[in-house]
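Take a look at the structure set out below.
Chain identifiers are assigned alphabetically (A, B, ...) following the order of the sequence lines, protein sequences preceding nucleic acid strands; residue numbering begins at 1 within each chain.
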2 protein chains.
Amino acid sequence: MTEHCPHSETASCTLPSSEQVKVLLDQAVSLCEQRNLRFTELRKQVLELVCRADQPVGAYQLLDELREQGRSAAPPTVYRALDFLLEQGLVHRLATNNTYLACAHPQKPHAAVFLVCSQCGQTQEVHTRGVIEVVKQQAEKFDFRVTHASVEVAGLCHSCQSQKEGAQ
Amino acid sequence: MTEHCPHSETASCTLPSSEQVKVLLDQAVSLCEQRNLRFTELRKQVLELVCRADQPVGAYQLLDELREQGRSAAPPTVYRALDFLLEQGLVHRLATNNTYLACAHPQKPHAAVFLVCSQCGQTQEVHTRGVIEVVKQQAEKFDFRVTHASVEVAGLCHSCQSQKEGAQ
DNA sequence: GATATAATGTTACATTATAACATAACATAT
DNA sequence: ATATGTTATGTTATAATGTAACATTATATC
């Protein structure tokens with residue numbers, strides 16, 4: 001909870017390029033080895049689907065994609081895999097729209113801020129010392145012991161702002 | 001969005017006492033008059049139920065309670081009333097657990113931080129200049145135009161921390 | 001009162017998520 | 001190597017949350 005990713009304050013953690021997908025999967029493999037957990041075929045498939053999506057995806061979309069890959073799957077299939085990946089910090093869940101996205105920094109546990117474009121759905125995971133620390137400070141004042149902070153910001157991304165201006 | 005409630009940084013906005021419920025309802029009445037909107041019986045009933053709850057409540061719980069009051073109601077009945085109350089800033093929705101709670105400060109539009117106890121469900125709405133401003137600052141760096149920030153913190157409230165210590 | 005608008009009633013359904021129990025895969029000790 | 005316990009997955013059914021679509025009623029305005 002207390003550690004932060006080494007990113008600069010102004011660089012965002014964008015969704016992984018298809019080259020980076022392999023890196024993320026490799027990281028997942030070694031991370032599970034370290035923790036003595038099984039990175040099964042199902043879990044790998046689900047993580048890969050989440051990584052390859054260019055936007056946060058819903059559980060039932062993942063379910064469809066698993067089936068397209070010829071796998072016999074039902075809702076629990078997906079949710080159980082997602083639960084595992086969430087617990088291991090390999091994916092995040094966005095509560096405001098019930099979607100899942102790959103974590104950009106599975107190496108280090110961290111709390112992140114998500115910028116969710118209401119127009120196009122593109123979502124950035126941004127890491128900043130500031131936000132989470134301020135949240136914790138405030139919580140402390142109320143003697144509240146934080147276990148998880150969900151910070152999701154809805155609005156318009158840069159490119160959708162331009163489009164709207166152009167349209168006027 | 002830019003205005004903040006006049007609270008001190010360390011005072012929380014606790015759930016309304018049953019005396020305060022009347023005040024909140026009166027505020028809703030005058031607020032709707034000002035805006036030329038209808039504060040109908042249904043909307044009043046739903047707001048009152050949300051106010052009287054000692055914890056954030058789910059939509060279907062509200063539905064049950066409406067029916068207990070003898071009102072013919074279906075899911076859209078509740079959701080439409082909630083949508084109205086949300087738009088007017090009279091209630092908040094917690095995305096992390098799909099519940100609704102009365103806004104402590106309907107007079108002034110504001111963005112709030114919610115401290116949600118995972119043990120007992122008690123939820124505090126706390127207002128702090130800090131958190132929301134930092135969020136906005138960060139968003140600006142990415143040229144992201146914020147319309148709404150959802151900041152929900154899960155953890156243990158003071159009283160549940162004590163209980164756990166006592167149990168050990 | 002006639003007409004337009006807003007709110008509610010009602011039915012049906014979509015979406016998201018979990019419970020419960022059976023089976024299969026894997027790990028470990030004997 | 002096999003018996004045994006544990007973990008993961010398959011499968012069916014259902015719970016919980018939320019919305020679409022259209023009919024009806026109430027309200028406001030002319």
Item to complete: Considering only heavy atoms of chain B and a distance under 4.0 Å, specify the first and last nucleotide of DNA chain D in 5' to 3' order that meet this criterion.
Response: D:dT17 to D:dT27
Worksheet item: If each of A:Tyr60 and B:Tyr100 is mapped to the nucleotide of DNA chain D with the nearest heavy atom, which maps nearer the 5' terminus, i.e. the 5' end?
Response: A:Tyr60
Discussion item. Count I, L, V, M, F, W, Y as connected when their side-chain heavy atoms are under 4.5 Å apart, and connections chain through other members. Are B:Val146 and A:Leu115 then in the same cluster?
Written reply: yes
Discussion item. Between P on C:dC13 and OH on B:Tyr79, what's the gap in Å once rounded to a whole number?
Written reply: 19 Å
Discussion item. Nearest 0.5 angstrom please: A:His148 NE2 to A:Ser150 OG, how far?
Written reply: 5.5 Å
Worksheet entry | Residues touching DNA chain D, which here means a heavy atom under 4.0 Å, drawn from residues 84-96 of chain B | B:Arg93
Worksheet entry | Cluster check A:Val50, A:Phe39: I/L/V/M/F/W/Y, side chain < 4.5 angstrom | yes
Practice prompt. For A:Arg43 and for B:Arg38, find the nucleotide of DNA chain D with the closest heavy atom, then tell me which residue's nucleotide is more 5'.
Written response: A:Arg43
Worksheet item: Where along residues 61-78 of chain A does a heavy atom come under 4.0 Å from DNA chain C, residue by residue in number order?
Response: A:Pro75, A:Pro76
Worksheet entry | Verify same cluster id: A:Val134, B:Val135 (apolar side-chain graph, 4.5 Å) | yes
Worksheet item: Does the pair B:Glu48/B:Arg52 count as a salt bridge with the N-to-O cut at 4.0 Å?
Response: yes
Worksheet entry | A:Val57-A:Leu82 co-clustered via ILVMFWY side chain contacts under 4.5 Å | yes
For residues 59-70 of chain A, please give each side-chain donor-acceptor pair under 3.5 Å, one per line with the distance, not counting sequence neighbours.
unit_1	atom_1	unit_2	atom_2	d
A:Gln61	NE2	A:Glu65	OE2	3.4
A:Arg67	NE	A:Ala73	O	2.9
A:Arg67	NH2	A:Ala73	O	2.8
A:Gln69	OE1	A:Gln45	NE2	2.8

Practice prompt. Identify, with sequence neighbours excluded, every residue that meets side chain to side chain contact (heavy atoms under 4.5 Å, CB included) alongside A:Gln27.
Written response: A:Val23, A:Leu24, A:Pro106, A:Gln107
Discussion item. Just the rounded figure in Å: distance from C1' of C:dA20 to CZ of A:Arg80.
Written reply: 10 Å
Result block: side-chain N/O donor-acceptor pairs under 3.5 angstrom for residues 84-96 of chain A, not counting sequence neighbours:
unit_1	atom_1	unit_2	atom_2	d
A:Gln88	OE1	A:Arg35	NH1	2.8
A:His92	NE2	A:His110	NE2	3.3
A:His92	NE2	A:Glu125	OE2	3.2
A:Arg93	NE	A:Tyr100	OH	3.3
A:Arg93	NH2	A:Asn98	OD1	3.1
A:Thr96	OG1	A:Glu152	OE1	2.3

Worksheet item: Atom CD of A:Glu41 to atom P of C:dA25: distance rounded to whole Å?
Response: 14 Å
Fill in: Within residues 73-84 of chain B or reaching into it, pairs that qualify as side-chain hydrogen bond (donor to acceptor under 3.5 Å, both in side chains) - sequence neighbours excluded
none
Fill in: Sequence-distant partners of B:Glu140, side chain to side chain contact (heavy atoms under 4.5 Å, CB included), two or more places apart
none
